[in-house]
Amino acid sequence: MDSRRLVRWLLWPLALYLAICVLMYSAQHWLQFRPNPAAMDASAVGVPGLVSQTLVTPDGERIVVWWLAPRDAAAPVYLYLHGNGANLMARDARLRRLAASGAGFMALSWRGYGGSSGQPDEAGLLSDVRTAWAALAQRVPPARVVLFGESLGTAVATILAAEVPAAAMVLDSSFASALDVAQHRYPWLPVALLMKSPLRADLAAPQVRMPVLQVHCRDDPVTPIESALKLNALLPQRRPLVILQDRCHTPSYARFEPQVQEFVASVLR
């Protein structure tokens with residue numbers, strides 16, 4: 001084989017690899033965010049007193065929040081941050097259980113999800129959650145607020161927790177960073193160079209000064225438990241990781257509700 005043919009044989013795999021990198025770079029928004037933008041009906045959740053409200057972010061987006069006042073002044077109030085798929089209508093069972101406990105909550109519909117304007121990305125999600133926090137802190141004392149993140153929402157919750165004086169944080173199906181999850185899934189790609197929204201919860205975690213409870217499935221097909229353990233090790237006031245012995249991701253809240261209630265009660269007491 002002459003040298004020119006050898007060069008061509010070497011260039012083909014390189015060209016294919018670069019094409020895959022370009023494709024993954026272009027498709028990453030779809031891979032990371034799966035929003036259902038349809039308008040939502042809070043009355044269909046079946047929680048008396050639940051109302052839908054709209055907040056305006058500093059960059060002009062209109063984001064929907066569902067607000068439920070707590071049953072009494074001693075009850076916790078959750079800032080609920082959902083995951084990357086569907087919208088708040090898919091979290092109705094969780095929200096009903098939170099309400100049944102007497103707690104209040106503000107459940108945030110990310111930009112691009114469930115009636116909120118805009119398109120999700122890291123900067124946008126952080127703007128959304130800071131806007132929701134500011135609104136919530138005007139309604140209840142921060143010392144009664146518990147951040148509750150689910151999957152994608154755990155990274156945003158952790159970054160927020162490094163900035164605000166909430167009472168505690170609950171993380172369901174968490175991970176050290178979206179970058180860490182992507183590197184686990186695509187070890188053959190230079191994801192650190194390609195990723196637009198790495199959501200580095202691991203960089204914020206050492207500055208989190210509130211108690212944290214993490215819940216994770218032993219065999220999580222979306223966010224590996226190894227990534228959750230990395231995050232756990234970085235949290236100064238972490239509690240032992242609650243591990244559910246199943247293959248699952250964002251399990252039914254009923255499965256770990258007792259641990260959350262015990263944890264929150266101990267913090268607020």
When you look at Trp110 and Val156, which way does the side-chain contact (heavy atoms from CB on, under 4.5 Å) test go after all the steps? CA-CA 11 Å; Trp110 303 117; Val156 186; 3.6 Å; yes

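- Inter-residue side-chain proximity for Phe105 and Leu50 is flagged as met; some heavy-atom pair is nearer than 4.5 Å.
- The shortest side-chain heavy-atom distance between Gln214 and Met169 does not fall under the 4.5 Å cut-off.
- For the side chain to side chain contact (heavy atoms under 4.5 Å, CB included) criterion with Tyr113, the lone passing option out of Leu88, Asn84, Leu108 is Asn84.
- Judged by a 6.0 Å distance limit and a 45° cone about the ring axis, Lys196 is positioned over the six-membered ring of Tyr25.
- In this structure, Asp128 CG and Ser116 OG are separated by 7.0 Å, a value rounded to the nearest 0.5 Å.
- The number of heavy atoms from other shown groups lying within 6.0 Å of CZ (Arg34) is above 12.
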Begin from the C-alpha positions of Leu79 and Val146 and carry the test side-chain contact (heavy atoms from CB on, under 4.5 Å) through to its verdict. CA-CA 6 Å; Leu79 178 56; Val146 177; over 6 Å; no

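- Note that CG of Leu244 and SG of Cys217 are 5.0 Å apart. Values are rounded to the nearest 0.5 Å.
- In this structure, CZ on Arg111 lies 5.0 Å from CD on Glu61, to the nearest 0.5 angstrom.
- Defined by atom type and a distance below 3.5 Å, a donor-acceptor pair is present between the side-chain atoms of Thr223 and Asp220.
- Crowding of His184 atom NE2: a count of heavy atoms from other residues, nucleotides or ligands under 6.0 Å not exceeding 12.
- Distance alone, capped at 3.5 Å, places no donor-acceptor pair between the Gln237 side chain and the Val208 backbone.
- A donor-acceptor contact closer than 3.5 angstrom is absent between the side chains of Glu150 and Thr250.
- The shortest distance between side-chain heavy atoms of Val181 and Tyr186 does not fall below 4.5 Å.
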Under 3.5 Å, side-chain donor or acceptor atoms of residues 92-99 against the rest of the protein: list the pairs with distances, not counting sequence neighbours.
{"unit_1": "Asp92", "atom_1": "OD2", "unit_2": "Arg96", "atom_2": "NH1", "d": "3.3"}
{"unit_1": "Arg94", "atom_1": "NH1", "unit_2": "Tyr80", "atom_2": "OH", "d": "3.0"}
{"unit_1": "Arg94", "atom_1": "NH1", "unit_2": "Asp172", "atom_2": "OD2", "d": "2.9"}
{"unit_1": "Arg94", "atom_1": "NH2", "unit_2": "Asp172", "atom_2": "OD2", "d": "2.4"}
{"unit_1": "Arg94", "atom_1": "NH2", "unit_2": "Pro251", "atom_2": "O", "d": "2.7"}
{"unit_1": "Arg96", "atom_1": "NH1", "unit_2": "Val45", "atom_2": "O", "d": "2.9"}
{"unit_1": "Arg97", "atom_1": "NE", "unit_2": "Glu257", "atom_2": "OE1", "d": "2.7"}
{"unit_1": "Arg97", "atom_1": "NH2", "unit_2": "Glu257", "atom_2": "OE1", "d": "2.7"}

Please walk me through it: do Ser127 and Asp59 pass side-chain contact (heavy atoms from CB on, under 4.5 Å)? CA-CA 8 Å; Ser127 180; Asp59 58 342; 3.6 Å; yes

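- Under the 4.0 Å criterion applied to side-chain N and carboxylate O atoms, Arg255 and Asp246 are assigned as salt-bridge partners.
- A donor-acceptor pair under 3.5 Å is formed between the side chain of Arg91 and the backbone N or O of Asn87.
- Side chain of Arg200 to backbone of Ser197: no donor-acceptor contact under 3.5 angstrom is found.
- Side chains of His216 and Ser173: a donor-acceptor N/O pair is absent below 3.5 angstrom, by distance only.
- For the atom pair CG (Leu81) and OG (Ser109), the distance works out to 11.5 Å, reported to the nearest 0.5 Å.
- You'll find the side chain of Trp67 reaches within 4.5 Å of the side chain of Leu136, heavy atoms only.
- Side chains of Phe263 and Gln259 form no contact here, defined as non-hydrogen atoms less than 4.5 Å apart.
- Distance CD/Gln32 to CG/Leu152: 7.0 Å, rounded to 0.5 Å.
- The distance from atom CD of Glu122 to atom CZ of Phe33, rounded to the nearest 0.5 Å, is 8.0 Å.
- A donor-acceptor contact under 3.5 angstrom links the side chains of Ser227 and Asp180, judged on distance only.
- Other residues, nucleotides and ligands contribute only 12 or fewer heavy atoms inside 6.0 Å of the CD atom of Glu262.
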Can you check side-chain contact (heavy atoms from CB on, under 4.5 Å) on Ile225 and Asp219, steps first, answer last? CA-CA 7 Å; Ile225 192 170; Asp219 183 8; over 6 Å; no

